[in-house]
Amino acid sequence: MSYSREDIIRIAKEENVRFIRLQFTDLMGIIKNVEIPVSQLPKALDNKMMFDGSSIEGYVRIEESDMYLYPDLDTWVVFPWVTEDRVARLICDIYMPDGTPFAGDPRGILKRALEEAEELGYTSFNVGPEPEFFLFQTDEKGNPTTELNDQGGYFDLAPTDLGENCRRDIVLMLEEMGFEIEASHHEVAPGQHEIDFKYAHAIKAADQIQTFKLVVKTIARKHGLHATFMPKPLYGMNGSGMHCHQSLFKGSENAFYDANDRLGLSTVARHYMAGILQHARGMAAITNPTVNSFKRLVPGYEAPCYVAWSASNRSPMIRIPASRGLSTRVEVRNPDPAANPYLALAVMLKAGLDGIRNKTALPAPVDRNIYVMSDEERIDAGIPSLPLNLREALSEMLRDEVVCEALGDHALTHFYEMKEIEYDIYRTQVHQWERDQYLTTY
């Protein structure tokens with residue numbers, strides 16, 4: 001829905017809105033906000049709200065800290081779960097004092113990638129994300145535990161799926177906020193859930209991912225549960241992914257569809273997939289950005305750890321869903337919900353466009369179950385693996401010119417520095433597994 005400045009001021013008065021959260025996303029993908037009283041709404045709508053960017057991860061130095069929040073009026077929504085002293089939200093782009101977009105704003109980085117797509121004639125980049133999450137019980141103080149609230153499995157229902165009521169309330173809340181929900185179900189692992197919402201233009205899709213996370217955590221809390229989008233919270237169980245269905249359009253035509261092709265895939269779709277596969281290792285630090293992410297990307301738990309594609313099985317990194325015509329799309333399966341959605345979509349789009357621009361040849365599909373292939377068979381088939389850990393992924397990122405260009409110098413430098421620190425802290429930490437393994441052995 002589109003809103004004008006006047007619409008927002010009117011609705012705020014009619015809905016008795018008392019506070020407005022001006023939201024944005026830092027480089028790590030964490031939602032931040034500046035909350036203002038409704039009396040400051042006209043000032044915010046005039047792009048005159050300033051904040052200290054030096055306090056935000058990956059933004060600017062203290063000597064250049066003044067930054068401005070430019071609200072996207074179409075992201076206006078009144079939070080339905082707040083009934084007294086009502087609160088509304090606007091998602092913002094970040095600008096410098098001289099009126100130029102901030103180079104390190106993740107939303108702006110995605111917009112730059114979309115501009116490149118438009119230059120090549122693609123008017124829309126549509127994305128259908130599938131972020132999965134776990135629900136854990138909380139203790140008597142409300143702090144999260146690692147105790148699951150159910151022992152359900154894929155598509156199970158109550159009483160086995162004890163998260164059903166919470167998930168249903170999440171769906172109702174999302175619908176009140178304008179989401180078009182397509183499906184809601186228990187996932188494979190106990191305590192794991194998925195709610196699918198309709199595809200959207202990339203900026204809206206990334207905004208929706210961030211809103212989705214906020215709603216899921218908020219409603220879970222009301223049920224006495226803790227929702228986490230951590231990729232692999234439990235050893236020996238499936239992790240949470242964020243499969244991203246993607247398609248490029250030229251006007252009203254899906255550029256990925258070709259009725260004359262055996263698989264219904266256009267040359268553009270094949271080049272796009274080839275670009276994704278070619279840059280998969282370089283993108284991994286963005287699509288799978290935590291130490292924990294790579295504990296999900298291991299064989300045996302349905303997460304793709306091999307760089308390949310197929311139209312007939314789910315073990316490769318890219319799958320082609322069965323729908324054709326306007327619904328023709330590619331499903332990239334390795335991203336996880338810890339990823340900054342703006343950065344993840346930006347690097348995937350840039351990688352795909354690089355494949356289109358260079359007419360990169362698509363490797364043959366892999367229709368076997370890659371998990372049961374030996375190392376020699378995978379090497380003979382030319383199937384590389386995704387990086388084994390965050391350190392390897394960071395090194396691959398620096399070597400990939402397309403990924404570096406997608407991020408820009410500012411975001412690349414700050415992202416790399418923060419993730420190097422994160423990995424070094426993990427590397428030097430002594431973990432419980434080591435104590436269990438070695439304390440009495442040596």
Side-chain angles (χ1 to χ4, degrees), residues 1-26 29-57 59-60 65-102 105-108 110-111 142 169-180 197 200-201 203-222 227 341-342:
M1 184 178 293
S2 295
Y3 294 99
S4 67
R5 185 180 189 277
E6 292 71 27
D7 290 334
I8 290 173
I9 292 173
R10 174 181 53 80
I11 295 169
K13 185 175 182 180
E14 292 174 351
E15 297 285 338
N16 194 32
V17 171
R18 301 294 300 276
F19 297 95
I20 294 92
R21 292 182 184 175
L22 303 178
Q23 289 185 354
F24 57 100
T25 297
D26 73 11
I30 308 303
I31 300 172
K32 303 293 184 179
N33 81 105
V34 175
E35 187 168 272
I36 60 172
V38 71
S39 61
Q40 297 297 304
L41 179 57
K43 180 180 177 180
L45 296 175
D46 289 336
N47 302 329
K48 293 181 179 179
M49 292 304 302
M50 191 168 62
F51 74 103
D52 178 9
S54 65
S55 300
I56 305 301
E57 289 281 9
Y59 272 37
V60 291
S65 59
D66 290 345
M67 309 184 85
Y68 285 83
L69 296 162
Y70 282 34
D72 182 337
L73 304 192
D74 292 342
T75 65
W76 168 262
V77 69
V78 180
F79 289 146
W81 60 80
V82 182
T83 55
E84 296 182 6
D85 292 333
R86 302 208 70 189
V87 178
R89 182 283 314 271
L90 284 163
I91 295 175
C92 302
D93 295 307
I94 310 300
Y95 278 73
M96 303 301 289
D98 63 2
T100 58
F102 169 48
D105 176 17
R107 204 168 188 260
L110 176 54
K111 286 185 173 182
D169 284 350
I170 291 169
V171 169
L172 292 173
M173 202 63 67
L174 289 168
E175 288 185 326
E176 280 194 56
M177 297 178 71
F179 281 68
E180 185 174 337
F197 42 95
H201 184 267
I203 290 289
K204 183 177 180 180
D207 289 345
Q208 286 183 325
I209 291 169
Q210 296 297 75
T211 301
F212 177 81
K213 290 179 180 180
L214 178 63
V215 173
V216 168
K217 286 179 174 289
T218 299
I219 303 307
R221 196 77 178 173
K222 290 181 179 294
Y342 302 100

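Counting from 1, the numbers follow the sequence of the chain as shown.
- Minimum heavy-atom separation, Lys222 to Trp81: CE-CB, 3.9 Å.
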Please list, one pair per line, the donor and acceptor atoms closer than 3.5 Å that link side chains of residues 38-47 to other protein atoms, with sequence neighbours excluded.
| residue | atom | partner | partner atom | Å |
| --- | --- | --- | --- | --- |
| Asp46 | OD1 | Arg5 | NE | 3.2 |
| Asp46 | OD1 | Arg5 | NH2 | 3.3 |
| Asp46 | OD2 | Arg5 | NH2 | 3.3 |

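- No side-chain donor-acceptor contact under 3.5 Å links Asp26 to the backbone of Ile31.
- Residues meeting the salt bridge (charged side-chain N to carboxylate O under 4.0 Å, His left out) test with Glu14, sequence neighbours left out: Arg10.
- Taking CE of Met67 as the reference point, atom OH of Tyr95 lies at 12.0 Å (rounded to 0.5 Å).
- When all heavy atoms of Pro71 and Leu90 are compared, the pair lying nearest together is CB-CD1, 3.9 Å.
- Distance check: Leu69 CG to Ile36 CD1 gives 9.0 Å after rounding to the nearest 0.5 Å.
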Check against side chain to side chain contact (heavy atoms under 4.5 Å, CB included), Val78 and Val87 | CA-CA 6 Å; Val78 180; Val87 178; over 6 Å; no
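- Heavy atoms only, all atoms of each residue included: Ala88 and Trp76 are closest at CB-CH2, 3.3 Å.
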Only pairs under 3.5 Å count here: list side-chain donor-acceptor contacts from residues 206-218, not counting sequence neighbours, and write none if there are none.
| residue | atom | partner | partner atom | Å |
| --- | --- | --- | --- | --- |
| Asp207 | OD1 | Arg107 | NE | 3.1 |
| Asp207 | OD1 | Tyr342 | OH | 2.5 |
| Asp207 | OD2 | Arg107 | NH2 | 2.7 |
| Gln210 | NE2 | Thr25 | OG1 | 3.1 |
| Gln210 | NE2 | Gly29 | O | 3.1 |
| Thr211 | OG1 | Arg89 | NH1 | 2.8 |
| Thr211 | OG1 | Asp207 | O | 3.0 |
| Lys213 | NZ | Pro337 | O | 2.6 |
| Lys217 | NZ | Ala227 | O | 2.9 |
| Thr218 | OG1 | Leu214 | O | 2.7 |

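- One finds the OH atom of Tyr68 at 12.0 Å from the OG1 atom of Thr100 (value rounded to the nearest 0.5 Å).
- From Ile94, atom CD1 reaches atom CZ of Phe102 across 8.0 Å, with rounding to the nearest 0.5 Å.
- In this structure, the salt bridge (charged side-chain N to carboxylate O under 4.0 Å, His left out) partners of Lys111, at least two apart in sequence or on a different chain, are Asp93.
- Applying the side-chain contact (heavy atoms from CB on, under 4.5 Å) test to Pro80 and every residue at least two apart in sequence or in another chain returns Met173, Glu176, Met177.
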Output side-chain donor-acceptor pairs under 3.5 Å for residues 16-23, partner residues at least two apart or in another chain, one line each.
| residue | atom | partner | partner atom | Å |
| --- | --- | --- | --- | --- |
| Arg18 | NH1 | Asp85 | OD1 | 3.1 |
| Arg21 | NE | Glu35 | OE1 | 3.3 |

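- Asn33 CG to Ile91 CD1: the interatomic distance, rounded to the nearest 0.5 Å, is 11.5 Å.
- Residues Phe24 and Asp105 have side chains not in contact (no heavy-atom distance under 4.5 Å, counting atoms from C-beta outward).
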